[in-house]
Peer 1: 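Take this structure first; my questions come after.
Remember, predicted model here, so these are calculated numbers, not experimental data.
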Amino acid sequence: MARPRTSKRNSSSSSYTSTITTVAFIALCVIGVWMLNSNSKVAPQTTNHATKSTTNIAADVGVSSSTEVENTESSNKKDAPIYEDNPGDLPDDAIKSDEPKTSNDSDNKEESKDAKQIDDGDSKADQESSSQDLKGEGSGEEQQKQEEKQNQISEENSDTQNQTADQATQESSHSEGSQETNANQEQETNPRQEQETNARQEQEHVTVPETEDSNSEDSTNQKERQDQQQQQQQDVASGSKDLQDSQNPESKKDQQQQESTGLNENTQDSNQNEKSYEEQQQEQRQEDAGVQNSSQESQNEDSSSGESAFPGGDNPGIPKESKESKKSWSTQAAESENQKERRKEESDGNDSMYGYTWQLCNVTAGPDYIPCLDNEKALRQLHSTGHFEHRERHCPEVGPTCLVPLAEGYKRPIAWPQSRDKIWYHNVPHTKLAEVKGHQNWVKVTGEFLTFPGGGTQFIHGALHYIDFVQQAVPDIKWGKHTRVILDVGCGVASFGGYIFERDVLTMSFAPKDEHEAQVQFALERGIPAISAVMGSQRLPFPSRVFDLIHCARCRVPWHAEGGKLLLELNRVLRPGGYFVWSATPVYQKLEEDVEIWKAMSTLTATMCWDLVTIKNDKLNGIGAAIYRKPTTNNCYDQRKKNSPPMCKSDDDPNAAWYVPLQPCMHRVPVSKTERGAKWPEEWPQRLQTPPYWLNSSQMGIYGKPAPRDFAADYEHWKHVVSNSYVKGLGISWSNVRNVMDMRAVYGGFAAALKDMKIWVFNVVNTDSPDTLPIIYERGLFGIYHDWCESFSTYPRTYDLLHADHLFSKLKKRCQLAPVLAEVDRIVRPGGKLIVRDESSAIGEVENLLKSLHWEVHLIFSKDQEGVLSAQKGDWRPQTYAAFS
């Protein structure tokens, strides 16, 4: 009995040596792969090598490898480290991959689940299998032999673990501290792998017949040694490459980026153009852990869809704004010398607001809060309200960083054009106008809706009839051709502006936030452009000579008071040759008060040299309208016997409009053929794409070219970006978009590119930017001056999409971005979008703020220090209120 036992011990000794070699080989593979990936945030990918060696062992002893592969993957997934940017409990759709899911996803999930179950029971199953095989021998001697083998295996395993730990320590001594941490995390997976390998070796020795030829065993060992030598050569090459990469981190960074975006040719060859189940699982784990950066995701998306790599094309087509061009353009801030000082201290730009704790605004206005119009502290300090100062802008010294709550029962808005006729009652739950103006067909409460029959005080029987009545009175008005951009003063619920869209006319409607609660909010909820503003003590925030027509239907403005100061403001913004349509009771009623107002208006308009074109009565609605026309020359001004109203001083800039007090004077009409306002623009739509005649080729444009060429290049650029990127590449359902704002418009190219869609774009020209707003009006679009360090004069939840082109990188030099993003959150409707094109540093800060606001960031792309971000607002609101303000 002694000799056979010695023979078996020799055989067992060789197997044990093989076991030690295998385990050491696995440890070397793990360390080599870890060194390749130690500088990456991606979870260490040890699965491939471990699975390969396990499969080879199983193949030698005739054991299927499919179950072992699943066990290894399940173990890796279970032990994968979680990094600090793990998305945590975000919803699935917020962290889902941008790549289209394959049909194998559901199968993968089931296999992963099964693998986990197998993993939990693999050790127990191996033990039971060994026990059954021992019983099958029916010999106590064999049981004794097996016990001796198990004891020696246990001892060998202990020695092997110590050797593996020593080798890992020596290898990791050349790495940095952060790499050592990752190595420790990786080594935690080794004992489990060793346990599985030992169990398989144990099963191998039990099930192999005792009569097996030693030559076969030597052949097996020789094959294993050859495989090990080949793998060690690969590990040496990998180690050299890792050392080279560590010496050249930039090269390694580029390589990692290429590998993560699927551009590495070696990876594609090894995968044979098809990702294995294991790699798909690994990529999914990376995405779930939030490791894969968004720019790489967008590159994968663009590559798979065949689109250009950079949204809108590799070459933006427009250079950055020229510093030299700024010398040729004045800014609204410079023009408005009397504006308030509202610049904030410069931000150092280093504070990351990600994780910022937001609270609800604790204000009286509640869900309707407009910070610059509901500043109760400033309103209490006013000395007078005789000129409607309490309806004007009074912004907080520091922009609010609280969030406006949703109205109770709020629903996603009804889409245009149905929204013109009805909106959800709970979105704007105000009934006062329905009670006061319901008989005039302004608005009515109909179940869960507020309905708008299309009427108004002066057009009870519908706005379309009234619109046609005006054109019949003066055929030269020619809605949608000669007359394109108009101003509606005291607009009410803006039914006039809503229905005149059918005549291809764009209307800027405005009314104050007064006792007629939420009239502008009704307009915006319906999808009609409007702002909260009042004709009080300051100029309107528009350039001079830009509106083709101004409309006032019972707008309740005392035009004749104080020397006609308010009517003179209309004269400032009305284009020479433009019309003023006044539909009010003094025109057609004979009450004493009305007669006195009519006389005063007749005298005032005559001294202003306005021509009374016609007075017409509308028999259907029982009203009348007086239509005036502004002069196109200075002859009348020069022939007046009295200089009343006076002409403005030569140094008074008519374009200065940002916090500039009203001046009771008139500016002379431009007469030079090269001066803006001397000629009427081309008819719509030709004026949209035609550079204004007064743009001088000798003047440098914003982007450094001669101004007319700059204008044309900007238009072509935005047509390309909108059609190739915004419409196709951002996943926006444009049929649900109606109210759009370009937060930093230049020539209005973005709005012009969207002309054929059933939307309107409100162009905002920043007060510290070149004053290009007159160009925007000249091409048949509209806009306003604004400083985004302050809140905008609109109600909450009023815009479907905001577009910001290089806005935030410029703003952060003057004010903190947190209040600006809080304002963005206030303006945008739940479900609304934000598109940002800016410097990469600004994109990162905006992304962090949006994430803290629980917005879904759908796309981030960076290239050449420029980036694009697309995000969507959700329904999330904080649960706590800020301190009362």
Peer 1: So which atom in Ser509 and which in Pro529 form the shortest heavy-atom distance, rounded to 0.1 Å?
Peer 2: CB-O, 3.5 Å

Peer 1: Should Lys812 and Glu845 count as an ion pair when the cut-off is N to O under 4.0 Å?
Peer 2: yes

Peer 1: How close do Pro796 and Val404 get, counting heavy atoms only, and between which atoms?
Peer 2: CG-CG1, 4.0 Å

Peer 1: Report the residue from Pro396, Pro371, Pro819 that forms a side-chain contact (heavy atoms from CB on, under 4.5 Å) with Ser791.
Peer 2: Pro371

Peer 1: I want to check something: taking the side chain as every heavy atom from C-beta on, are Ile860 and Val868 in contact at a cut-off of under 4.5 Å?
Peer 2: no

Peer 1: Mind running side-chain hydrogen bond (donor to acceptor under 3.5 Å, both in side chains) on Asp838 and His806 for me, showing each step along the way?
Peer 2: CA-CA 4 Å; Asp838 215 318; His806 290 83; 4.8 Å; no

Peer 1: Identify the heavy atoms of Leu821 and Phe808 that sit nearest to each other, and give their distance.
Peer 2: CD2-CE2, 3.8 Å

Peer 1: Between NE2 of His720 and OH of Tyr726, what distance do you get to the nearest 0.5 Å?
Peer 2: 11.5 Å

Peer 1: Flag the pair Asp768 and Lys810 as a salt bridge only when some basic side-chain nitrogen lies within less than 4.0 angstrom of an acidic carboxylate oxygen.
Peer 2: no

Peer 1: Taking atom CG of Asn427 and atom CG of Leu450, what is their separation to the nearest 0.5 Å?
Peer 2: 9.0 Å

Peer 1: Strictly distance-based, threshold 3.5 Å: is any side-chain N or O of Asn362 a donor or acceptor partner for the main-chain N or O of Ala882?
Peer 2: yes

Peer 1: Ignoring hydrogens and angles, tell me if any N or O in the side chain of Glu839 forms a donor-acceptor pair with the backbone of Glu866 under 3.5 Å.
Peer 2: no

Peer 1: Please walk me through it: do Arg797 and Leu406 pass side chain to side chain contact (heavy atoms under 4.5 Å, CB included)?
Peer 2: CA-CA 9 Å; Arg797 306 171 300 278; Leu406 291 176; 3.5 Å; yes

Peer 1: With a 4.5 Å cut-off on side-chain heavy atoms, are Trp718 and Phe750 touching?
Peer 2: yes

Peer 1: Return the minimal non-hydrogen interatomic distance between Asp800 and Val737, and the atom names on each side.
Peer 2: OD2-C, 3.9 Å

Peer 1: Give the C-alpha distance, both sets of side-chain angles, the deciding distance and a yes or no for side-chain hydrogen bond (donor to acceptor under 3.5 Å, both in side chains) between Ser793 and Arg393.
Peer 2: CA-CA 8 Å; Ser793 294; Arg393 290 172 57 85; 2.7 Å; yes

Peer 1: Can you tell me how far CG of Leu373 sits from OG of Ser532, rounded to the nearest 0.5 angstrom?
Peer 2: 6.0 Å

Peer 1: Could you give me the CA-CA distance, side-chain angles and deciding distance for Trp855 and Gln872, then say whether side chain to side chain contact (heavy atoms under 4.5 Å, CB included) is met?
Peer 2: CA-CA 6 Å; Trp855 283 48; Gln872 182 176 17; 5.6 Å; no

Peer 1: For Trp358 and Asp825, which I'm curious about, is there any donor-acceptor pair between the side chains at under 3.5 Å?
Peer 2: no

Peer 1: For Thr798 and Arg829, test the side chains for any donor-to-acceptor distance below 3.5 angstrom and give the result as yes or no.
Peer 2: no

Peer 1: Can you find a pair of side-chain heavy atoms, one from Glu525 and one from Pro413, that are under 4.5 Å apart?
Peer 2: yes

Peer 1: Side chain to side chain contact (heavy atoms under 4.5 Å, CB included), that's the test. Do Val363 and Asp374 meet it? Break it down for me.
Peer 2: CA-CA 9 Å; Val363 292; Asp374 294 316; over 6 Å; no

Peer 1: Is there a donor-acceptor contact under 3.5 Å from the side chain of Asp368 to the main chain of Ala518?
Peer 2: no

Peer 1: Cationic tip of Arg738 within the cone over Phe501's six-membered ring, i.e. under 6.0 Å and within 45° of the normal?
Peer 2: yes

Peer 1: List the steps and the verdict of side chain to side chain contact (heavy atoms under 4.5 Å, CB included) for Ile370 and Thr794.
Peer 2: CA-CA 7 Å; Ile370 304 176; Thr794 190; over 6 Å; no

Peer 1: Is the shortest heavy-atom distance from the side chain of Lys873 to the side chain of Lys833 under 4.5 Å?
Peer 2: no

Peer 1: Taking all non-hydrogen atoms of both residues, which atom of Val721 and which atom of Arg837 are closest, and how far apart?
Peer 2: CG1-NH1, 3.5 Å

Peer 1: Taking side chain as C-beta onward, heavy atoms only, is Val761 less than 4.5 Å from Phe782?
Peer 2: no

Peer 1: Can you tell me how far the CG atom of Asp787 sits from the SG atom of Cys815, to the nearest 0.5 Å?
Peer 2: 7.0 Å

Peer 1: Does a side-chain N-to-carboxylate-O contact under 4.0 Å join Lys411 and Glu448?
Peer 2: yes

Peer 1: Looking at Ser723 and Lys719, would you say the former's side chain and the latter's main chain have a donor-acceptor pair under 3.5 Å?
Peer 2: yes

Peer 1: I'd like to check Arg826 versus Leu403 (side-chain heavy atoms, cut-off strictly below 4.5 Å). Are they in contact?
Peer 2: no

Peer 1: Any side-chain heavy atom of Phe452 within less than 4.5 Å of one from Asp421?
Peer 2: no

Peer 1: Compute the centroid of each ring, for Trp760 and then for Tyr799, and state whether the two points are separated by less than 6.0 Å.
Peer 2: yes

Peer 1: Counting neighbours of NZ on Lys422 that are heavy atoms of other residues, nucleotides or ligands and sit closer than 6.0 Å, is the number greater than 12?
Peer 2: no

Peer 1: To the nearest 0.5 Å, what is the distance between CG on Leu802 and CG on Leu807?
Peer 2: 10.0 Å

Peer 1: Of all heavy-atom pairs between Ala804 and Met743, which one has the smallest distance, and what is that distance?
Peer 2: CB-SD, 4.2 Å

Peer 1: Can you tell me how far the OG atom of Ser419 sits from the CH2 atom of Trp424, to the nearest 0.5 Å?
Peer 2: 12.5 Å

Peer 1: Side chains of Glu408 and His426: is there a donor and an acceptor less than 3.5 Å apart?
Peer 2: no

Peer 1: Is there a donor in the side chain of His854 and an acceptor in the side chain of Asp875, or the other way round, less than 3.5 Å apart?
Peer 2: no

Peer 1: Using 30° and 60° as the class limits, which term best fits the ring planes of Tyr703 and Tyr747: parallel, tilted or perpendicular?
Peer 2: perpendicular

Peer 1: Please check: side-chain N/O of Arg526 versus main-chain N/O of Val493, any donor-acceptor pairing under 3.5 Å?
Peer 2: yes

Peer 1: Would you mind reporting whether His786 and Phe792 have side-chain heavy atoms less than 4.5 Å apart?
Peer 2: yes

